[in-house]
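In what follows, every heavy atom counts, from backbone to side chain, and hydrogens, waters and symmetry copies are set aside. All ligand and atom numbering here is 1-based and tracks the order in the structure.
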Amino acid sequence: MTYFKNKVAVITGSSRGIGKAIAIELANKGAHIVLNGRDKQRLDKTKNEIEALSTKVSAVCSDVSTIEGSNKLIDQAIKEFGCIDILVNNVGVSMRGHIADLNPEVYKMVFESNLLGTIYPSIPAIKYLRKTQGSIVFISSLAGIRGLPSFSAYSSSKMAIRAIAESLRIEEHKNNIHVGLIFVGITDIEHNKEVIAADGSKLILESRKNKKVSSPQYVAQKVLQNIRKRKFITVLTAIGKLNALLQPVLPMLVERLIIRNLKKFDEHSK
Ligand SMILES: NC(=O)c1ccc[n+]([C@@H]2O[C@H](COP(=O)([O-])OP(=O)(O)OC[C@H]3O[C@@H](n4cnc5c(N)ncnc54)[C@H](OP(=O)(O)O)[C@@H]3O)[C@@H](O)[C@H]2O)c1
């Protein structure tokens with residue numbers, strides 16, 4: 001229970017959604033939190049909520065898909081707390097649309113957020129994580145296990161994150177940095193979650209209240225378990241575990257199952 005006490009955790013994209021749930025879970029376990037997001041109002045609101053859990057909280061308003069924004073986040077964490085024990089690379093945006101219909105800019109938008117927004121904060125954080133022999137965690141998706149219809153840009157960005165996590169684990173093995181990779185299933189949304197439409201515009205998703213989805217709290221608990229046990233891969237949900245098992249050995253069966261269940265990949269917007 002004391003594993004996270006006084007540890008310094010930086011969570012990218014933590015003003016709402018899964019990132020916020022991870023921040024709350026860590027704060028409840030006594031960690032000091034560095035929040036991040038681009039919208040200052042939303043970030044300050046979350047900071048107030050987490051401060052009420054009687055933990056030290058800092059909030060850095062910056063865009064981690066830029067080098068400057070990422071450097072600002074890591075620099076401010078060090079300025080305020082002097083060290084970093086945990087970096088959770090949570091920022092990520094999804095998209096919808098078949099490849100033939102996509103504005104090519106969608107790929108740029110998704111890769112800037114999901115890939116660059118992950119690697120840019122990681123690079124300056126590594127030297128601090130070496131000192132604490134800390135953890136760096138990448139939030140992926142079941143869409144990162146195999147390419148899914150309507151999610152090509154999202155799937156490919158999450159697959160690229162796996163390559164980064166694999167390289168980093170080997171590179172930092174001698175420095176005893178823990179690298180974790182979490183494959184998250186479809187998760188409940190309590191807010192106007194935005195994704196990118198085929199034409200590059202923003203799409204607000206409908207509530208998932210009536211669907212069988214994970215709660216952000218459940219995802220957060222699994223992330224903390226991954227960190228505490230210093231595991232590499234954590235795959236969430238039964239369907240995720242089945243997919244991870246079948247995909248390498250029976251990919252054509254997985255493809256057939258997806259084709260048979262194509263309707264399940266449709267999600268409506270508001
Ligand atoms: N929700 C799901 O069903 C699901 C399933 C599988 C995997 N995941 C993964 O889980 C992670 C979190 O997803 P989520 O659904 O919780 O997302 P979300 O609800 O859209 O929240 C994203 C958070 O990141 C911030 N953010 C976005 N872009 C940013 C940037 N460039 N720089 C700094 N902050 C940024 C947002 O605040 P601002 O907009 O104010 O910046 C917000 O706090 C993502 O990596 C996603 O791919 C989610």
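- The shortest N/O to N/O separation between Val64 and ligand 1 falls below 3.5 Å.
- The shortest side-chain heavy-atom distance between Phe138 and Leu168 falls under the 4.5 Å cut-off.
- Atom 45 (O) of ligand 1 has its closest protein heavy atom at Asn90 O, 2.7 Å.
- Heavy atoms of Lys20 found under 4.0 angstrom from ligand 1: none, in either backbone or side chain.
- In Arg208, the part holding a heavy atom less than 4.0 Å from any atom of ligand 1 is the side chain.
- Residues Lys45 and Glu49 are in side-chain contact: their nearest non-hydrogen atoms beyond the backbone lie under 4.5 Å apart.
- Applying the 4.0 Å criterion to heavy atoms of Gly17 picks out, from ligand 1, the atoms 16 (O), 19 (O).
- Counting heavy atoms closer than 4.0 Å to ligand 1, residue Glu194 contributes nothing at all.
- In terms of hydrophobic clustering, with Ile, Leu, Val, Met, Phe, Trp and Tyr side chains grouped at heavy-atom distances under 4.5 Å, Val213 and Leu142 are assigned to different clusters.
- The proximity of Ser62 to ligand 1, defined as any non-hydrogen pair under 4.0 Å, is limited to the backbone.
- Nearest protein heavy-atom contact of atom 15 (O) of ligand 1 is Lys193 NZ, 2.7 Å.
- Regarding atom 10 (O) of ligand 1, its nearest protein heavy-atom neighbour is Ile139 CG2, 3.4 Å.
- Ranking the protein heavy atoms by distance from atom 5 (C) of ligand 1 puts Gly185 O, 3.3 Å first.
- No more than 12 heavy atoms of other residues, nucleotides or ligands lie within 6.0 Å of NZ in Lys79, so this atom counts as exposed by the packing criterion.
- Atom 23 (C) of ligand 1 has Gly13 O, 3.4 Å as its closest protein atom, hydrogens excluded (heavy atom only).
- For atom 43 (O) of ligand 1, the nearest non-hydrogen atom of the protein is Ser15 OG, 2.6 Å.
- Among protein heavy atoms, atom 8 (N) of ligand 1 sits closest to Tyr154 OH, 3.5 Å.
- Closest protein heavy atom to atom 39 (O) of ligand 1: Arg38 NH2, 3.0 Å.
- At least one N/O-N/O distance between Ile18 and ligand 1 falls below 3.5 Å.
- Atoms of ligand 1 lying under 4.0 Å from any heavy atom of Ser140, numbered from 1 in the order shown and given with element: 7 (C).
- Which parts of ligand 1 touch Gly92 is read off a 4.0 Å heavy-atom cut-off, strictly below it: atoms 44 (C), 45 (O).
- Figure legend: Lys7 and Tyr3 shown as a cation-pi pair, the cationic atom lying under 6.0 angstrom from the six-membered ring centre and within 45 degrees of its axis.
- You'll find the side chain of Leu73 reaches within 4.5 Å of the side chain of Val64, heavy atoms only.
- Contact atoms of ligand 1 toward Asp63: 30 (C), 31 (N), 32 (N) (distance under 4.0 Å to a heavy atom of the residue).
- If you look at Ala143 next to ligand 1, there are no close heavy atoms at all, none under 4.0 Å.
- In this structure, the side chains of Ser58 and Lys56 stay at 4.5 Å or more apart for every pair of heavy atoms.
- Taking the ring centre of Phe151 as origin, the terminal cationic atom of Arg96 falls outside the region bounded by 6.0 Å and 45° from the ring axis.
- Every heavy atom of Ser214 sits 4.0 Å or more from the atoms of ligand 1.
- Dense packing is recorded around CG of Leu257, with more than 12 heavy atoms of other residues, nucleotides or ligands lying under 6.0 Å away.
- Atom CD1 in Ile22 sits 13.5 Å away from atom NZ in Lys222 (nearest 0.5 Å).
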